[in-house]
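These notes are about the structure you will find just below.
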Amino acid sequence: MLKEAIYHRPKDNYAYVCINGELHIQIRTKRDDLKEVTLFHGDPYNWEGKQWLTTTTPMRKSGSDQLFDYWCAAVRPPFKRLRYGFILNDGMETICYTEKGFYSEPPVDDTGYYFCFPFMNNADIFQAPGWVKNTIWYQIFPERFANGNHDNNPDGVLPWGSAPPTTTNFFGGDLEGVIQNISYLKELGASGIYFTPIFKAYSNHKYDTIDYMELDPQFGTKETLKELIEVCHKNDIKIMLDAVFNHSGFYFPQFQDVLKHGENSRFKNWFHTHEFPLVTEPMPNYDTFAFTPFMPKLNTENPEVKEYLLSVGRYWVKEFNIDGWRLDVANEVDHAFWREFRREVKAINPDLYILGEIWHDSMPWLRGDQFDAVMNYPLTTNILNLFAKQTITAKEFVENMTTVIHMYPKNVNEVAFNLVGSHDTPRILTECGEDLERVKQVFTMLLTFIGTPCIYYGDEIGLTGEMDPGCRKCMEWDPSKQNRELFEHVQKLIRLRREYPLLANDGELSFITPREHDACLSFTKSEDNGKTIIVVLNTSDAAVEYTIPFDLRGKTVKNLWNNEVLEASGEELVIHLSANGFSIVEFS
């Protein structure tokens with residue numbers, strides 16, 4: 001037994017409370033090292049004479065990555081507190097692992113040996129808005145979605161789609177264009193819109209804010225925004241705006257004042273300045289986003305800056321009834337600011353969704369006091385590497401995603417913001433070498449996985465484009481130039497996700513380790529009542545016969561994609577998968 005590989009701590013993803021009152025406990029051990037793990041636990045104050053009263057709960061192996069096995073158990077402490085350890089069995093020896101170390105027998109003379117979950121306080125439970133996990137997001141880059149009102153076109157606007165996108169050209173997309181196409185979003189099945197920034201800014205992407213309290217004139221008026229939100233809410237579509245609180249734009253009046261007055265500016269402490277006068281070349285002498293002199297970093301520890309940005313957060317929630325904030329470069333802003341931001345906006349709307357843009361392990365932001373979710377770029381990376389770039393195997397995908405899933409509590413994974421493309425990445429069709437079947441697989445994976453999926457505008461009709469600015473083409477509205485086959489594929493997946501809650505966030509997700517065919521990725525979604533859905537994706541260019549690894553005798557088996565009732569041969573069911581094909585099968 002490799003004791004050095006064993007890890008647990010009574011916090012975060014290793015011990016957490018779910019909203020249903022369960023306490024979930026997880027331990028990590030060396031891969032293939034242990035035969036079984038048992039949770040040994042009891043109430044710290046429950047004694048009979050000098051004997052501590054305990055019980056045991058078997059732990060299930062919930063997944064394996066390249067190095068480790070993960071074991072999980074769910075318990076319901078009757079008095080909402082627990083002391084616990086782990087009984088580890090490798091087939092040759094059995095030991096007890098506690099906070100104080102390893103013992104040949106579980107010590108029962110003192111609960112101080114054991115890990116402690118002091119109390120299951122409701123205030124400490126991570127709880128995102130209930131509506132989020134069933135939402136299908138649609139990301140809109142407003143300048144490129146639709147031009148609904150030519151009267152607010154910016155200077156030098158180009159005819160719609162008449163030129164490749166650049167960092168400086170404009171095509172006149174606006175909010176009226178979105179209003180005029182709500183029926184399209186309803187047809188697709190989208191139930192949430194994530195807008196990249198719409199506040200007054202210099203660029204076409206609007207991440208260089210000039211005025212956080214004003215809508216950019218090229219997008220319309222505040223009345224237009226109110227109309228848009230009202231129309232969306234009537235159509236059961238949520239609205240999430242994008243806020244850039246890490247940095248302002250170069251033409252933000254407060255920064256312009258510092259440029260002009262230097263050390264005498266009353267706003268000099270609004271930014272992270274190193275010396276005066278400020279210079280932009282060859283390197284800015286003030287902190288910025290990356291090394292971009294046109295995006296000076298805001299000092300969110302400054303009381304005036306903090307109150308200004310908090311007032312922005314409150315204003316758009318209170319006055320416009322938005323449903324969510326997406327927070328740009330969220331990991332570079334201090335945690336104290338985000339805690340206060342959450343308190344302020346949730347006081348106005350407790351059901352507001354707070355999404356942070358973080359590309360790495362985000363547990364410090366997901367403890368229930370800051371964000372409801374982060375953008376799940378680890379999922380993006382693994383999906384692209386498997387289906388688009390074909391640089392990893394199905395086995396490696398399972399191992400990588402097992403690591404990612406076990407980085408967070410279950411209730412965090414259920415509302416993770418899952419995406420395969422955005423304004424910051426190449427188009428998914430381009431990533432897949434314009435192979436339509438592989439793109440279909442990508443969307444099949446995205447729309448059957450846990451989390452809340454997001455579709456980048458135009459990906460559903462086959463827009464192409466390299467990295468920014470190539471991925472910011474004008475939306476194609478001519479049906480004859482849209483890939484309707486892909487649209488209908490995505491539309492059908494969204495419908496199935498709504499009809500079968502197991503395809504969304506109900507039940508337990510389990511990967512099936514590739515055995516029979518290395519190229520087949522498969523996972524299940526299961527309920528306690530025995531109902532299971534298995535999703536199988538063939539990542540190879542050759543057709544395969546895949547044997548579903550379950551005893552299906554006496555079970556009702558249905559192919560959800562075509563509603564065909566399937567017959568198992570004996571206890572096995574073999575399904576045919578075309579090259580780069582997939583199957584979604586339910587049995588109960």
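A pairwise comparison of heavy atoms in P296 and F271 identifies CB-CD2, 4.0 Å as the closest pair. Here the closest heavy-atom approach between residue P409 and residue D12 is recorded as CG-O, 4.0 Å. When all heavy atoms are compared, the tightest approach of G173 to W160 is N-CZ3, 3.7 Å. Considering every non-hydrogen atom in both D351 and G130, the closest pair reads OD1-N, 4.5 Å. Counting all heavy atoms, side chain and backbone alike, G161 lies closest to F171 at N-CD2, 3.6 Å.
In this view, D334 and T300, E301, A336, F337 satisfy the side-chain contact (heavy atoms from CB on, under 4.5 Å) rule, not counting sequence neighbours. F320 pairs by the ring pair (Phe, Tyr, Trp, His ring centres under 6.0 Å) definition with Y315, W316, not counting sequence neighbours.
Residues H274 and D287 have side chains that bring a donor and an acceptor to within less than 3.5 angstrom of each other.
Ion pairing between a basic and an acidic side chain is recognised when a charged N comes within 4.0 Å of a carboxylate O; E307 and R314 show such pairing. Between E214 and K200 there is no salt bridge, since none of the side-chain N atoms of the basic residue sits less than 4.0 Å from a carboxylate O of the acidic one. The residues K226 and E230 are annotated as not salt-bridged, no charged nitrogen and carboxylate oxygen being separated by less than 4.0 angstrom.
Counting only distance, with no hydrogens or angles, the side chain of N121 and the backbone of D124 share no donor-acceptor pair below 3.5 Å.
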